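Note that these values count all heavy atoms, side chains included, but never hydrogens, waters or copies made by symmetry. Just so it is clear: chains get the letters A, B, ... in the order the sequence lines come, proteins before strands, and each one is counted from 1. Owing to the predicted nature of the structure, the values given are computational and were not obtained by experimental measurement.
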Amino acid sequence: MASQANPRLMFAILAAVFAFLYVPISVLVALSFNDGGLPTAWTGFSVKWYGALFRNGDIMSAALNTLIVAIVSTVLATLFGTLLAIGVEIRRRKGRFLETIIFAPMIIPDIVLAIALLSFFSLLNVTMGLHTVILSHVVFNLAFVCSVVRARLKTFDWSVVEASADLGASTVTTLRRIVIPVLLPAIVAGGLLAFTLSVDEFIIAFFTAGAGRSSITLPMQIFAMIRFGVTPEINALATLIMAFSVVALALSQRLNRGGLPGQ
Amino acid sequence: MKDRSPALLMAPALAWLTAFMVVPCLLILALAFFRRGIYGGIEYTFTLENLGLVFDPLYAGIFLKSAWIAGLAALIAVVLGYAAAFAIAAAPARRQPALLFFAVLPFWSNYLVRTYAWIVLLNREGLLTGIARWFGYDGELPKLLYTEPAVVVGLVYNYLPFVILACYAPLSRLNVEIGEASRDLGASGWTTFRRVTVPMTFHGIATGFVFVFVLSIGNFVTPALLGGGQFQMIGNLVYAQFLTANDWPFGAALSMVLIAIMMGLLTLQTFASEKASGSGRHD
């Protein structure tokens, strides 16, 4: 339908939209290599701000916290999410209520879950810290893992499972030797997605990490720094974080595609 | 692997979701109907005061303001996103996947970082000021950062890739022959676009609009970073009730109304797109 469109106008639209999308982040990346550190003047190429980053104790401890949260929540979410996906797909009857519960963590706005969890933990008098951030991150992470694994299961040949059972394999053996190996690319892709989401997640962590400085995650640290203005160090940190997310998600997509024949 | 095994497999995840999503969300609902304790905290007596307070002109004003900002951001994002999706769908078929990929790529990077990029551009010693100086302009630029337009631009910037994705799907499936038929019957390009293309891809537009609106009205980060301290949207107001003002029941009441607006719109949109995909089979 759009084939009749004026090519010059179409090119102008694309150029304008891509400029809008890419100029701000490109400026950020460029400035992180600016020796003088000021956005108003280019004084030469330098990686010194990246060095400064690694000497900054606050940033390093926040990065370590983020790593802990992301690893633990990813492991739990990958386990639970995969089992959930298999369980849901085995069931013949599709319950609307069940679908809603599984789908909800992906569409509930972060702020809602963040507030709900904050009041939940506070009312139970749970001391908040990294552990409460982990508990919270598993909620949305498991939903994302589940949806990635379920997509793979749509093309799964269940007769293989029946054959395995007929030949006397137990449920656990069938899972371990047949279902899990076939699903592995999707499980890894889902896990990678969960890990990235957890590393990037700010609002829920901000609300459920408690007041102590010791449980600050990297996005919380970035938020605090940004509020005090622009520094060349944040430019470097932002560039690294951005590069990480894009590479990890591209990898996740690629793995997932490899596992899906015909896509 | 039949009988009880699905339930067993699902049990850990469902238990987790119940404990850390369903129960906390129900708790918010309950909390909104209790009284605030004298020293903060909660007094367990039933009241409708909190909900009443939400409709106090002061707070209702903040709701309206948030809805205005969110509506504006959603409108701009839909116009830009639809135009971009249309242009991508008009490109040669072999280029479309790459164009779409690069349109969505920024969406994969960290939200805070994308918002921060605008601080770098807009602040007093930022890039725009630098460019103005380079052109020999020595005066002060008007204040750009910590303004309402800055918040709107930040929201549009962050959610635009999603709108492009939502609008591209129906646009790419659009049947070329219908457009040709419209032209054969004498409609101009613009009339065809307005009377055929837009109505047939409307659920993409609706999905994009609702998504941007819902995420913007409850947004907490962008107003805090690009709007400066004095700029308040509901998200920031809720945040203050829970973390600084210590009035949880009121915070819960605010959240409840916010959640009602968000969920209402999302349900409406799901309903509309189900209807659209149901009737879409005929074309």
Side-chain angles (χ1 to χ4, degrees), chain A residues 1-5 10 13-14 17-18 21 24-25 27-28 31 38-41 80-81 83-84 86-88 90-91 101 104-105 107 109 111-113 115-120 123 135-136 138-139 142 146 161 165 171 174 200 202-203 219 222-223 226-227 230 234 238 241-242 245-246 249, chain B residues 1 5-6 9-10 12-13 16-17 20-21 23-25 27-28 31 80 83-84 86-87 89-90 105-106 108-114 116-121 123 125-127 129-130 133 157 160 171 174 176 178-179 189 197 214-215 218 220-221 225 235 238 242 248 252 255 259 262 266:
Chain A
M1 156 141 299
S3 59
Q4 297 283 315
M10 294 301 111
I13 290 174
L14 283 180
V17 169
F18 277 97
L21 287 175
I25 41 183
V27 166
L28 187 60
L31 285 180
L38 285 177
T40 38
F80 297 159
L83 293 179
L84 177 65
I86 298 171
V88 172
I90 291 177
R91 271 164 56 108
I101 295 260
I107 57 156
I111 185 105
V112 172
L113 198 56
I115 294 162
L117 284 163
L118 169 68
S119 35
F120 177 68
L123 278 182
L135 292 175
S136 311
V138 173
V139 172
L142 81 81
C146 175
V161 172
T171 302
T174 308
D200 280 339
F202 165 65
I203 296 174
I222 295 176
F223 183 76
I226 295 174
R227 288 196 112 174
V230 177
I234 313 178
I241 283 258
M242 206 152 58
S245 320
V246 169
L249 287 175
Chain B
M1 305 242 327
S5 37
L9 291 170
M10 296 191 295
W16 201 284
L17 292 181
F20 300 113
M21 181 182 73
V23 171
C25 286
L27 190 71
I28 283 283
L31 215 53
L80 290 178
F86 189 88
L105 189 64
W108 288 359
S109 64
N110 189 293
Y111 186 94
L112 285 172
V113 168
R114 278 181 284 150
Y116 169 68
W118 282 92
I119 301 185
V120 173
L121 286 182
N123 82 73
E125 285 303 313
L127 189 78
T129 309
R133 294 233 180 92
Y157 182 71
L160 184 61
L171 275 168
L174 211 55
V176 182
I178 294 173
T197 311
V214 163
L215 287 177
F220 157 74
V221 173
L225 292 180
V238 170
F242 277 93
W248 291 23
S255 323
I259 295 169
M262 288 171 161
L266 287 173

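Between chain B and the residues A/Leu113, A/Ile107, A/Leu117, the largest count of heavy-atom pairs under 4.5 Å involves A/Leu117. Between chain A and the residues B/Trp248, B/Phe242, B/Tyr157, B/Phe220, the largest count of heavy-atom pairs under 4.5 Å involves B/Tyr157. Looking only at heavy-atom pairs under 4.5 Å with chain B, the residue among A/Val138, A/Val17, A/Leu118 that has the most is A/Val138. Contact count versus chain B (heavy atoms, under 4.5 Å) is highest, among A/Ile115, A/Ile222, A/Val112, for A/Ile115. Among B/Trp118, B/Phe20, B/Trp16, the residue with the largest count of heavy-atom pairs under 4.5 Å with chain A is B/Trp16. Of all the listed residues (A/Ile241, A/Leu135, A/Val27), the one sharing the greatest number of non-hydrogen pairs under 4.5 Å with chain B is A/Leu135. The residue among B/Val23, B/Leu215, B/Leu105 with the most heavy atom pairs within less than 4.5 Å of chain A is B/Leu105.
A/Leu14 and B/Ala84 get closest at one heavy-atom pair: CD2-O, 3.9 Å.
Only the side chain of A/Ile111 comes within contact range of chain B, judged by heavy atoms closer than 4.5 Å. Contacts of A/Ser119 with chain B are made by both backbone and side-chain atoms, with heavy-atom separations under 4.5 Å. The parts of A/Leu249 that come within reach of chain B are both its backbone and its side chain, each placing non-hydrogen atoms under 4.5 angstrom from that chain. At a 4.5 Å heavy-atom cutoff, the contact between A/Ile25 and chain B is made by backbone and side-chain atoms alike. Interface residue A/Leu83: backbone and side-chain heavy atoms are both found under 4.5 Å from chain B.
B/Tyr116 is linked by a ring-ring contact (aromatic ring centres under 6.0 Å, His included) to nothing, counting only residues two or more places apart in sequence or in another chain. In this structure, the side chain to side chain contact (heavy atoms under 4.5 Å, CB included) partners of B/Leu225, at least two apart in sequence or on a different chain, are A/Phe223, A/Ile226, A/Arg227, B/Leu112, B/Thr115, B/Ile119, B/Val221.
Under 3.5 Å, the side chains of A/Ser245 and A/Asp200 contain a donor-acceptor pair of N or O atoms.
Within the 4.5 Å cutoff, the side chain of B/Phe86 has heavy atoms near those of the A/Met10 side chain. In this structure the side chain of A/Val88 reaches within 4.5 angstrom of the side chain of B/Met10, judged on heavy atoms. With contacts defined as side-chain heavy-atom distances shorter than 4.5 Å, the pair B/Val120/A/Leu31 qualifies. When side chains are defined from C-beta on, A/Pro105 counts as touching B/Met21, because their heavy atoms get closer than 4.5 Å.
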